[in-house]
Amino acid sequence: MARIGIFDSGVGGLSVFREIYRLLPGEDYVYLADNANCPYGEKSPEFIRERACEIASDMISRGVQVIVVACNTATSAAISYLRESFDIPFIGMEPAIKPAAHSTSTGVVGVLATKGTLNGTKYHDIKEQYGADVRIVESIGSGFVELVESGVVQGDAAESVVERSLRPLLDAGADVVVLGCTHYPFLLPVLQKIAGDGVRFINPAPAIAARLCDVMRSNGIALSGKTEGHREFIASGSAEVLDRMKW
Ligand code: DGL
């Protein structure tokens with residue numbers, strides 16, 4: 001029986017959890033939304049590292065055997081530190097520059113992410129490794145996390161916030177846009193409406209779910225074989241939106 005921990009600064013990590021759950025519905029889960037400290041994108045790496053360690057230690061005391069850091073910003077700030085500090089495997093998020101660079105026709109790849117992720121060395125390393133043959137244009141999804149955390153993912157207000165950050169990428173000719181924050185897939189209908197059919201958005205969540213399966217296998221974490229496991233959802237702040245979005 002596997003017990004899997006997943007955390008994010010809020011409900012964004014549910015975009016990763018739902019892909020994991022699609023593959024592994026029979027396992028037990030603890031999902032933590034650290035929404036008392038959301039957004040992470042504007043916080044210092046030191047603060048995020050400290051929170052990530054507190055969360056990991058709490059989850060391990062609840063018996064989880066593997067933790068998915070379902071947050072690009074926390075992965076960037078804390079994943080190496082978590083791996084050094086704890087004796088269980090951690091899976092982090094990675095902006096999907098590699099598949100984007102392979103599939104662009106215009107040669108321009110857009111990246112939407114938080115300030116914390118775009119400023120991190122992890123992102124710069126990935127960009128150098130996989131983005132050398134394309135032009136990469138970046139934009140901070142200003143206000144995106146706040147929209148999703150307040151449960152507003154469509155309508156005029158959402159469209160005008162999304163348009164502001166997406167427009168520079170479209171104007172630069174991007175035909176593929178990497179969603180570099182786990183909150184952003186919840187805004188996909190609005191993003192797609194503004195960008196039109198000629199632009200493809202890449203959500204790395206399915207690849208992360210597949211990676212979790214590989215890591216569990218290689219670490220000998222056995223699957224339960226049950227049809228449905230237990231899911232626990234915890235919020236460090238208000239549970240209102242998490243309660244609405246969980247399943
Ligand atoms: N969902 C997160 C990410 O993937 C964090 C967003 C935030 O709290 O700023 O980056």
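Numbering of ligands and ligand atoms starts at 1, following listing order. Small disclaimer: the values here were computed from a predicted structure and weren't measured. We count residues from 1, following the sequence as given.
Proximity of Asn72 to ligand 1, defined as any heavy-atom pair under 4.0 Å, is shared by backbone and side chain alike. Here Thr114 has side-chain heavy atoms under 4.0 Å from ligand 1, and that is the only part of it that gets that close. At a heavy-atom cutoff of 4.0 Å, ligand 1 is contacted by both the backbone and the side chain of Thr182.
Under the 4.5 Å side-chain criterion, counting only non-hydrogen atoms from C-beta, Leu14 is not in contact with Arg18.
For Asp214 and Arg217, the salt-bridge test passes: some basic side-chain N is under 4.0 Å from an acidic carboxylate O. Using a 4.0 Å cut-off between charged side-chain N and carboxylate O, Glu232 and Arg3 make a salt bridge.
Atoms of ligand 1 lying under 4.0 Å from at least one heavy atom of Ser9, given by number and element, are 5 (C), 6 (C), 7 (C), 8 (O). Listed by atom number, the atoms of ligand 1 under 4.0 Å from Asp8 heavy atoms are 1 (N), 2 (C), 5 (C). Atoms of ligand 1 lying under 4.0 Å from at least one heavy atom of Thr73, given by number and element, are 3 (C), 5 (C), 10 (O).
Protein heavy atom nearest atom 7 (C) of ligand 1, with residue, atom name and distance: Tyr40 N, 3.3 Å.
The ring of Phe17 has its center closer than 6.0 angstrom to the ring center of Phe233.
Backbone and side-chain nitrogen or oxygen atoms of Gly41 are examined, and one is located within less than 3.5 angstrom of a nitrogen or oxygen of ligand 1.
Interatomic distance, CZ of Phe86 versus SG of Cys53, reported as 4.5 Å (0.5 Å rounding).
Residue Gly12 places no heavy atom under 4.0 Å from ligand 1.
Relative to the six-membered ring of Tyr40, Arg51 misses at least one condition, a distance below 6.0 Å or an angle of at most 45° to the axis.
Of the listed options Lys115, His183, Glu149, His183 places a heavy atom closest to atom 1 (N) of ligand 1.
A donor-acceptor pair is defined here as one N or O able to donate and one able to accept, closer than 3.5 Å; no such pair exists between the side chain of Lys193 and the backbone of Glu159.
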